[in-house]
Q: 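Have a look at the structure that comes next, please.
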Amino acid sequence: MVNDISLPRARQYAEGGEAGGRVGMPRQARLMPRRGAAPFGRIALWAGPGLLALVLGLWGLTREHSMWRDEAATWQAAHRPLAEIGHMVSQVDVVHGVYYAVMHAVFALFGDSLVALRLPSVLATAGACALTALIGARLSGRWVGMGAGLALAVVPAVQEYAQEGRSYALVLAFVALATWLLVGALGRPSALRWAGYAAAVLAAALLNWFSLLALVAHAVTVAYVRPDRARCTGWALAAAGAVTGALPLILTSGAQADQVSWIKPLGLSTVLGVAITVAIAVLCACMAGARRSGNSRENGLHARVSLAAVALPLCAVPQIGLALISLVKPLYITRYVLFAYVGFALLVGVLLATIIGRVRARPRVLLAAAAVLAVLALLPIELRLRTAESRVDDVLTAAALVGRVRHGADGVLYLPAARRDTALVSPHAFAGLRDLALAQGPVESGTLKGMEAGPGAIEQAVLDARCIVLVTDAGPLHADSARDRAKLRALGEHFVRRSMSVERGRQVSVYERVR
């Protein structure tokens, strides 16, 4: 083994040391922030990445006053009483039931607005970045940790879901918390740490049970580390408890599998994206700063708990695992494995610390400069993410269009029925319009879009109207069900289109009865 005194400057920085100091310190002392270090330095370790994520999350948070269809589902579900949320998830969207309950509480406490809808995701992302910094610092030094936290904050996908009223940023935060607790428990095991780990894994799973792929990644880490029997038993019991707690959700969601039938098979761009991300992670994992142990001697633990052992499985296993599953049943969507970027960012932190170690300058200044350069380099992507055009559609703009053209109309149709979310989010824009196809409302039916009448009843209701507003997706009209075909047939045979407006992914047309 190379003597510590002969370590090159790059290695000192990669392990968290300062120029000209800490050379002769024991390995464990260099890996961890110094007890005597200035409080500002200890706080900056996690506060810097957290603050950057917070600023990026708040920047353009309302996205030009837009809300896309997935957020519209959150909006309408969160406005229902808890009993009605329970009724709904027994039939649809059970995987998001806990998140809807959380957002119901948020709206009750702070009111409903686009800011309230998205702020929990912003705060969760900031927390995930801070935790990632702490994980990196514990395993490979504070500059690795700070670099990792900053890297996670600037990842475009992380910025995207930090500004969405959905559960994925919260899952990211809980997986980061679980990983931090795992590293701590492997170093200093205790019942409290393992209980906290199990609770964090369970919380992530209840928000989206695909996050259990992170548990598989942790299993790879534990297998590689080969800790003693007590630590293995502690992890196994914690993992079993989390899976047991999530099992009812997993089994119930199986009956609602048709909700993900829209996911397309793996495309070349997705495969390349996964391959490139994992390849970069592997290259970073080969660096010395990633392979050294952070707590191998702590409390008698002789296994090597290195950053690579923790980060590489967390980056690779969820992405590759979901991609392999998608070969049988298409399920791969980036947001389902967003938490894999925690592992990726940890390894990028090693790369940044290694580069910094070769430059004779203050590490904190260089990391700040690297973060600024990354934000500037990604500026075109970041600007687009904060526009309405960055999402599939915008229900608020569609509602505004209806508000402008509804005068003189007496009925409204939605094609498909899911486009009814426009009215459910902005009911005032549809005042005076009768929903011609609706048989039972969303709340009464325990669904997101309500229950529509049969094709014959819909066609008769259309014939009884004089002027109809049609809300649909942008592009050619498609009818994928008998009910939708009945709508189009009645409109085509007895009505003429007087106007059509297309904005932000949705189309609003006015049809007038032929005399």
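Everything quoted here is computed from the prediction, not taken from an experiment.
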Q: Enter the distance from M88:CE to Y100:OH here, rounded to the nearest 0.5 Å.
A: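 Between atom CE of M88 and atom OH of Y100 there are 5.5 Å.
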Q: Does the distance from a Lys or Arg side-chain N to an Asp or Glu carboxylate O, for D464 and R513, drop under 4.0 Å?
A: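 No.
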Q: Taking atom NE2 of H65 as the centre, does the number of heavy atoms from other residues, nucleotides or ligands within less than 6.0 Å exceed 12?
A: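 Open.
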Q: Checking side-chain polar atoms at under 3.5 Å, does Y197 have a donor or acceptor matched by the opposite partner on H218?
A: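 A pair is found: one side chain offers a donor N or O, the other an acceptor, under 3.5 Å apart.
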Q: Take atom OH in Y168; do more than 12 heavy atoms of anything else shown fall under 6.0 Å from it?
A: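 Yes - once you tally the heavy atoms of other residues, nucleotides and ligands closer than 6.0 Å, there are more than 12.
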Q: How long is the straight-line distance from CD of Q460 back to CG of L436, given to the nearest 0.5 Å?
A: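 Output value for this atom pair is 11.0 Å.
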Q: Could you check whether any side-chain N or O of R483 sits under 3.5 Å from a backbone N or O of E452, counting only pairs where one atom can act as donor and the other as acceptor?
A: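 Judged by distance alone, yes, a pair lies under 3.5 Å.
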Q: Just to verify, what does A399 make a side-chain contact (heavy atoms from CB on, under 4.5 Å) with, not counting sequence neighbours?
A: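 Listed in chain order: T422, S426, A429, F430.
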Q: Keeping the roles fixed (side chain from T387, backbone from R384), state whether a donor-acceptor pair exists under 3.5 Å.
A: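 Yes.
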Q: What's the verdict on side-chain contact (heavy atoms from CB on, under 4.5 Å) for W209 and S253, showing C-alpha distance, side-chain angles and the deciding distance?
A: CA-CA 10 Å; W209 64 264; S253 66; 3.0 Å; yes
Q: Working to the nearest 0.5 angstrom, can you tell me the gap between L207 CG and L172 CG?
A: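 It comes to 11.5 Å.
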Q: Are the charged groups of E64 and R386 less than 4.0 angstrom apart, N to O?
A: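 Between R386 and E64 there is no salt bridge, as every charged N stays at least 4.0 Å from the carboxylate O atoms.
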Q: Looking only at atom types and distance, does a side-chain atom of R335 sit under 3.5 Å from a main-chain N or O of Y161, one as donor and one as acceptor?
A: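 Here the side-chain-to-backbone pair does not exist.
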Q: Are W68 and E164 side-chain neighbours, meaning at least one heavy-atom pair lies under 4.5 Å?
A: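 With C-beta onward as the side chain, the pair touches.
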Q: H104 side chain to R80 main-chain N or O, any donor-acceptor pair under 3.5 Å?
A: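 Flag set: sc H104 to bb R80 pair under 3.5 Å.
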Q: Let me see the working for D421 and R506 under salt bridge (Lys or Arg N to Asp or Glu O under 4.0 Å), right down to the final yes or no.
A: CA-CA 12 Å; D421 57 5; R506 295 220 172 171; 2.7 Å; yes
Q: Check for a donor-acceptor pair, side chain of S509 on one end and backbone N or O of L470 on the other, with a separation under 3.5 Å.
A: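 It does not hold such a pair.
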Q: Just to verify, which of R166, R63, R391 counts as forming a side chain to side chain donor-acceptor pair (under 3.5 Å) with E71?
A: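 Among the candidates, only R63 passes.
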Q: If you apply the rule side-chain contact (heavy atoms from CB on, under 4.5 Å), what do you find for M146 with L352, and how did you get there?
A: CA-CA 10 Å; M146 187 173 290; L352 291 173; over 6 Å; no
Q: Quick check: does any side chain N or O of S211 sit under 3.5 Å from a backbone N or O of A205, one acting as donor and the other as acceptor?
A: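 Yes, because the side chain of S211 sits within donor-acceptor range (under 3.5 Å) of the backbone of A205.
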Q: List the atom of F210, the atom of L331, and the distance in Å for their closest heavy-atom pair.
A: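 Closest approach of F210 to L331: CZ-CD1, 4.0 Å.
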Q: Which residues pass the side-chain hydrogen bond (donor to acceptor under 3.5 Å, both in side chains) test with S445, sequence neighbours left out?
A: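 Applying side-chain hydrogen bond (donor to acceptor under 3.5 Å, both in side chains) to S445 gives T447.
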Q: Please report the closest heavy-atom contact between V106 and A116, naming both atoms and the distance.
A: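 Shortest heavy-atom separation between V106 and A116 comes out as CG1-O, 3.7 Å.
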Q: Are the side chains of L338 and V171 in contact, using a 4.5 Å heavy-atom criterion?
A: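 Answer no - side chains too far apart.
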Q: Between G245 and L202, what is the shortest heavy-atom contact and its length?
A: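 Closest approach of G245 to L202: C-CD1, 3.6 Å.
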Q: With side-chain contact (heavy atoms from CB on, under 4.5 Å) as the test, pick out the partner of V183 among L134, V310, T221.
A: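 Result: among L134, V310, T221, V310 is the only option passing the side-chain contact (heavy atoms from CB on, under 4.5 Å) with V183.
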Q: Which residues pass the side-chain hydrogen bond (donor to acceptor under 3.5 Å, both in side chains) test with E503, sequence neighbours left out?
A: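 Result, side-chain hydrogen bond (donor to acceptor under 3.5 Å, both in side chains) vs E503: none returned.
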Q: T397 and S66: side-chain contact (heavy atoms from CB on, under 4.5 Å), yes or no, with the steps?
A: CA-CA 7 Å; T397 294; S66 65; 5.7 Å; no
Q: Supply the atom-to-atom distance L131 CG to T179 OG1, rounded to the nearest 0.5 angstrom.
A: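 Result: 9.0 Å between the selected atoms.
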Q: Kindly give the heavy-atom pair with the smallest separation between Q76 and L424, and that separation in Å.
A: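 So the two residues come closest at OE1-CD1, 3.2 Å.
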Q: Are any of the side-chain heavy atoms of H96 and S167 separated by less than 4.5 Å?
A: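 Side-chain contact under 4.5 Å: yes.
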Q: Just so I know, are the side chains of V469 and V508 near enough to count as touching, which here means a heavy-atom distance under 4.5 Å?
A: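 With C-beta onward as the side chain, the pair touches.
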Q: Is there side-chain contact between V337 and L213, with heavy atoms separated by less than 4.5 Å?
A: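 Sidechains of L213 and V337: in contact.
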Q: If you measure only the distance, is there a donor-acceptor pair under 3.5 Å linking the side chains of D93 and Q256?
A: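 Result is no, nothing qualifies.
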Q: Less than 4.5 Å apart, any side-chain heavy atom of P442 and any of L448?
A: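 Sidechains of L448 and P442: no contact.
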Q: Roughly how far apart are R420 CZ and K449 NZ, rounded to 0.5 Å?
A: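 Rounded to the nearest 0.5 Å, the CZ-NZ separation comes to 9.0 Å.
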Q: Assess whether side-chain contact (heavy atoms from CB on, under 4.5 Å) is satisfied between K487 and V462, documenting all intermediate values.
A: CA-CA 7 Å; K487 297 172 190 175; V462 171; 5.5 Å; no
Q: Do T62 side-chain atoms and L114 backbone N/O form a donor-acceptor pair below 3.5 Å?
A: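 Checking the backbone N and O of L114 against the side chain of T62, no donor-acceptor pair under 3.5 Å is found.
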Q: Is any side-chain heavy atom of V402 closer than 4.5 Å to a side-chain heavy atom of L433?
A: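 Yes - at least one pair of side-chain heavy atoms lies under 4.5 Å apart.
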Q: Under the salt bridge (Lys or Arg N to Asp or Glu O under 4.0 Å) criterion, do R69 and D473 qualify, and how do the steps go?
A: CA-CA 11 Å; R69 61 183 65 173; D473 294 322; 3.3 Å; yes
Q: Is the shortest heavy-atom distance from the side chain of L491 to the side chain of L413 under 4.5 Å?
A: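 In contact.
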Q: Ignoring hydrogens, what is the shortest heavy-atom contact between L367 and G147? Give both atom names and the distance.
A: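 So the two residues come closest at CD2-CA, 3.8 Å.
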Q: Any donor-acceptor pair under 3.5 Å linking the side chain of H87 with the backbone of A83?
A: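 No.
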Q: Backbone N or O of R466 within a donor-acceptor pair of the D410 side chain at under 3.5 Å?
A: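 Answer holds: yes.
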Q: Ignoring hydrogens and geometry, is there a side-chain-to-backbone donor-acceptor pair from R118 to L61 under 3.5 Å?
A: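 It does hold such a pair.
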Q: Mind checking the OG1-CZ spacing from T132 to F344? Nearest 0.5 Å is all I need.
A: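 Taking OG1 in T132 and CZ in F344, the distance rounds to 13.0 Å.
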Q: If you count the non-hydrogen atoms of other residues, nucleotides and ligands that lie under 6.0 Å from CH2 in W180, is the total more than 12?
A: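 No, not enclosed.
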Q: Which atom names give the shortest non-hydrogen contact between T334 and A157, and what distance separates them?
A: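 Taking T334 first and A157 second, the nearest heavy atoms are CG2-CB, 4.5 Å.
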